[in-house]
Chemist: 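Shown below is the structure under consideration.
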Amino acid sequence: MAHTEHPTTKGQAWFCTTGLPSDIIIEVEDMTFHLHKFPLMSKSRKLHEMITEQETNASSSKIQKSAERDNDCDGDEEIEEEEDNEEDQQYCISFPDFPGGSETFETAAKFCYGVKIELSALNVAPLRCAGEYLEMTEEYSEDNLISKTERFLSQTVLKSIKDSIRTLNSCKNILPLAETLGIVQRCIDAVAVRASAADPSLFGWPVNDHGPGNGVEASTRRKGANRGGGMDSWFEELGHLSLPLFKRLISAMKSRDLSSEVIESCLMYYAKKYIPGISRSSRKTSSSSIPSETEQRELLETVITNLPTEISSRTSTTTRILFGLLRTANILNASEAARAALERKIGSQLEHATLDDLLIPSYSYLNETLYDVACVERILGYFLTGLEERSTARIQGEEENISVRSTALMLVGKLIDGYLSEIASDNNLLPEKFCELAVALPDQARLFDDGLYRAVDVYLKAHPWISEAEREQICGVMDCQKLTLEACTHAAQNERLPLRAVVQVLFFEQLQLRQAIAGTLMVADVNPEEIPRLSIMDVREEEGEGGEQEERTGVVGTGRAQEGSNTWRKTVRENQVLRLDMDSMRTRVQELERECSSMKKVIQKIDKVGKHGSREGGGGWRKKLGCKFKTQVCDSHEPTVVEAKKGRGQRHQHQQ
């Protein structure tokens, strides 16, 4: 019978042409199916009962009408017409809440007619629910729809993460019945189990800003994923889940102690798909339909709540996305608890952030500054607290811990100095806020204070109206002893600095010059004859040994003597150059001493005049001092500042 059936669709009606007229009409949603009752009754107990009931009702009605005709004395022609109408009568059944809708019923109807149906991860759950709804059990008919779908579900779908997520996603429109049949929970458990057994290194690529398909690394991961059972695209399937199902899946993953990297990657990918603006490189969501603001807020808080507390191995990428989540949380006005949890998570890996990450715009009307300085200050506090807790918790490996702690502090110190330089030009930034953030870091965070000096200079330039006390407060955040010579020279010519700060800079610059001269003298005082003498002594000590070793020692000793002689000549030449440098530096020190003595006298005069309420401008005292420095630009980010100092230190050690 199956080979003679040709189902067709006409408008909103579906016909199965078998050469026989249809005797039953089934309405599902807005579709009308014109079918035959015997194929349907052979597979579905529910349809059999409903059709039998209608036939019984029709028979009762027919008997009642026959009795009425017997009482009436009408003509034979009217009786024949009624019998013809009864023969043409069609039964009608309506399923307004059929699971899966008209498309699923169409597939189930084809199965009843014996047409071979193709099961997939997308239609197996609706068909399983349809079989349950129509009572197409194995007891009623052999090899029925329920057993067929159950076999495909357990043997094919649940053995693949990708197919399990697809089937789980198909359950969103049939949730009451799919939940009762256990399809949803079985799919969630299958995904959690398969993901826990997979390689965590395959889960990193979906978080990248440039997407999963770019570059050699992505293709390599994709090949490895294909060998691992099709792991390369199940993240994309995960993004199609509704938020309630996604919550349940993440909860199941966390309950099985799944790798934090896997959970974090799932959360990041899902958030990037539905929330715009998380990644600055891609302002559009990958989803075709953008959720409402309320849905985005709920989704964002779900992601933040489920973020693992462990630090990810992909810290730079993760930190960038976390800052994107924080900006979005401020825009969507997420809960305080969610924002605090996110700031704490960012603080645990702040050393991997960039200056661009820290520039979080201020979205509150209460904040007058361009950037959210208070938020960065809180994140820095979380970083310092976490760093202290980690260093306290680790008893063993103390030296290694101190090294890691120092490196993280130095990175964050440079980052905060750059952030201060960036926000210092904001006219609404109060001196108190600037100082609080500048002094929040410990002294170990900065090897040199050149970056902090640059921020101070920018702030004083952008705020020329602040009082003298506030200027001194701003300059008090930097340590003049930690300024390089280049920074000291620039600060000595900086008219924006208060007089007290300039005096400190000149004083410590003089100390640095004296230390440099002292180091030069120590190098110059080294006796050049000691080097070859030491080599000869080594040769004499080794003369006591006999045999082949004595010959080798003599050759080595001769080579050392020649090397010592060359070193001595080189040292003499370098000493001559150093003496010339020393003469110029002595002249420089004498000039500084004269200027300092004259400045002390001027300071005393200014203090006396200041008591009467008058004060000279920044250029007046400079003219009295007669400073003759050339203006230099100080940039601590240039490697020459540190490298020059390191070069001087290495040369000093070599001469000694």
Side-chain angles (χ1 to χ4, degrees), residues 1-2 4-62 64-65 82-120 122-137 140-141 144-149 169-181 183:
M1 180 179 176
T4 61
E5 296 166 358
H6 303 283
T8 60
T9 303
K10 296 181 181 179
Q12 296 297 320
W14 192 89
F15 294 85
C16 184
T17 56
T18 59
L20 298 174
S22 61
D23 52 10
I24 184 171
I25 298 175
I26 299 179
E27 297 177 352
V28 179
E29 294 180 339
D30 57 348
M31 182 71 73
T32 302
F33 293 87
H34 298 263
L35 305 172
H36 304 85
K37 60 183 180 180
F38 291 110
L40 300 179
M41 295 172 66
S42 64
K43 290 290 185 181
S44 171
R45 177 184 281 112
K46 184 171 185 176
L47 287 175
H48 182 275
E49 293 175 353
M50 295 178 72
I51 293 172
T52 302
E53 182 181 357
Q54 289 196 10
E55 286 179 344
T56 303
N57 294 337
S59 299
S60 301
S61 177
K62 182 178 179 181
Q64 184 177 0
K65 289 181 179 180
E82 289 180 1
E83 291 178 354
D84 293 338
N85 292 335
E86 290 174 358
E87 291 178 358
D88 296 337
Q89 182 180 2
Q90 289 183 332
Y91 302 106
C92 185
I93 298 175
S94 178
F95 292 136
D97 55 348
F98 191 83
S102 58
E103 184 177 354
T104 303
F105 181 82
E106 179 182 343
T107 307
K110 290 179 180 179
F111 178 81
C112 293
Y113 277 90
V115 178
K116 184 179 180 180
I117 61 174
E118 184 177 354
L119 294 177
S120 67
L122 296 177
N123 66 6
V124 64
L127 285 175
R128 172 65 181 89
C129 293
E132 190 72 19
Y133 186 86
L134 296 175
E135 300 179 17
M136 301 173 70
T137 62
Y140 184 77
S141 177
N144 216 335
L145 186 60
I146 291 180
S147 60
K148 189 177 183 67
T149 52
N169 187 42
S170 67
C171 294
K172 59 185 176 183
N173 296 325
I174 52 174
L175 266 184
L177 188 54
E179 192 73 59
T180 304
L181 297 176
I183 301 176

Chemist: List in chain and number order the residues that pass side-chain hydrogen bond (donor to acceptor under 3.5 Å, both in side chains) with N123, two or more places apart in sequence or in another chain; answer none if no residue qualifies.
Modeler: S120
Chemist: Working to the nearest 0.5 angstrom, can you tell me the gap between M50 CE and S44 OG?
Modeler: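 Going from the CE atom of M50 to the OG atom of S44 covers 9.0 Å.
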Chemist: Heavy atoms only: give me the nearest T137-I146 pair and the separation to one decimal.
Modeler: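 Result for this residue pair: CG2-CD1, 3.8 Å.
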Chemist: Once ring-ring contact (aromatic ring centres under 6.0 Å, His included) is applied, do any residues pair with F105, and if so which ones, sequence neighbours excluded?
Modeler: F33, F98
Chemist: Taking all atoms of both residues into account, what is the closest heavy-atom pair of Y113 and P39, and its distance?
Modeler: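 Between these two residues, the closest heavy atoms are CE2-CG, 3.7 Å.
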Chemist: Rounded at 0.5 Å granularity, tell me how far CG in D23 sits from CZ in F38.
Modeler: 7.0 Å
Chemist: Return the set of residues passing salt bridge (charged side-chain N to carboxylate O under 4.0 Å, His left out) with K148 (not counting sequence neighbours), or none when no residue passes.
Modeler: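 K148 satisfies salt bridge (charged side-chain N to carboxylate O under 4.0 Å, His left out) with no other residue.
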Chemist: My understanding is that only residues two or more places apart in sequence, or in another chain, count here; which of them pass side-chain hydrogen bond (donor to acceptor under 3.5 Å, both in side chains) with S147?
Modeler: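 Residues passing side-chain hydrogen bond (donor to acceptor under 3.5 Å, both in side chains) with S147: E138.
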Chemist: Quick one: side-chain contact (heavy atoms from CB on, under 4.5 Å) partners of C129, sequence neighbours excluded?
Modeler: P99, I174, L177, A178, L181, I183
Chemist: Taking the side chain as every heavy atom from C-beta outward, state whether F95 and L134 have any pair of such atoms under 4.5 Å apart.
Modeler: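 The answer is yes; the side chains approach within 4.5 Å.
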Chemist: Hey, could you give me the OG1/CD distance between T107 and E118, rounded to the nearest 0.5 Å?
Modeler: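 Separation between the atoms: 10.5 Å.
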Chemist: List the atom of A108, the atom of L145, and the distance in Å for their closest heavy-atom pair.
Modeler: CB-CD2, 4.3 Å
Chemist: So, taking the atom named SG in C112 and the one named CG in N144, what distance separates them when rounded to the nearest 0.5 Å?
Modeler: 7.5 Å
Chemist: Tell me, please, which residues at least two apart from E27 pass salt bridge (charged side-chain N to carboxylate O under 4.0 Å, His left out).
Modeler: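 Scan of E27 (salt bridge (charged side-chain N to carboxylate O under 4.0 Å, His left out), adjacent residues dropped) gives none.
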Chemist: When you compare the side chain of V28 with that of E106, does any pair of heavy atoms fall below 4.5 Å?
Modeler: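 No, too far: nothing below the 4.5 Å cut-off.
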Chemist: Identify the two heavy atoms, one from Q54 and one from C92, that lie closest to each other, and give their separation to 0.1 Å.
Modeler: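 Looking at all heavy atoms of both residues, the closest pair is NE2-O, 2.8 Å.
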Chemist: When rounded to the nearest 0.5 angstrom, what distance separates NE2 in H34 from CD1 in I26?
Modeler: 11.0 Å
Chemist: Which atom names give the shortest non-hydrogen contact between G101 and E29, and what distance separates them?
Modeler: CA-OE2, 3.4 Å
Chemist: Could you pull out all residues at least two apart from E132 that satisfy side-chain hydrogen bond (donor to acceptor under 3.5 Å, both in side chains)?
Modeler: R128
Chemist: List the residues meeting side-chain contact (heavy atoms from CB on, under 4.5 Å) with M41, not counting sequence neighbours, and say none if there are none.
Modeler: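 Once residues adjacent in sequence are excluded, the partners of M41 under the side-chain contact (heavy atoms from CB on, under 4.5 Å) criterion are K37, H48, I51, T52.
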Chemist: Identify, with sequence neighbours excluded, every residue that meets salt bridge (charged side-chain N to carboxylate O under 4.0 Å, His left out) alongside E49.
Modeler: none
Chemist: What's the separation between atom CD1 in I93 and atom CD1 in I24, rounded to the nearest 0.5 Å?
Modeler: 3.5 Å
Chemist: Check side-chain hydrogen bond (donor to acceptor under 3.5 Å, both in side chains) between D97 and all other residues, then give those that pass, not counting sequence neighbours.
Modeler: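 Counting only residues at least two positions away or on another chain, D97 forms a side-chain hydrogen bond (donor to acceptor under 3.5 Å, both in side chains) with Y133.
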Chemist: Side chains of S170 and P126: closer than 4.5 Å at any heavy-atom pair?
Modeler: yes
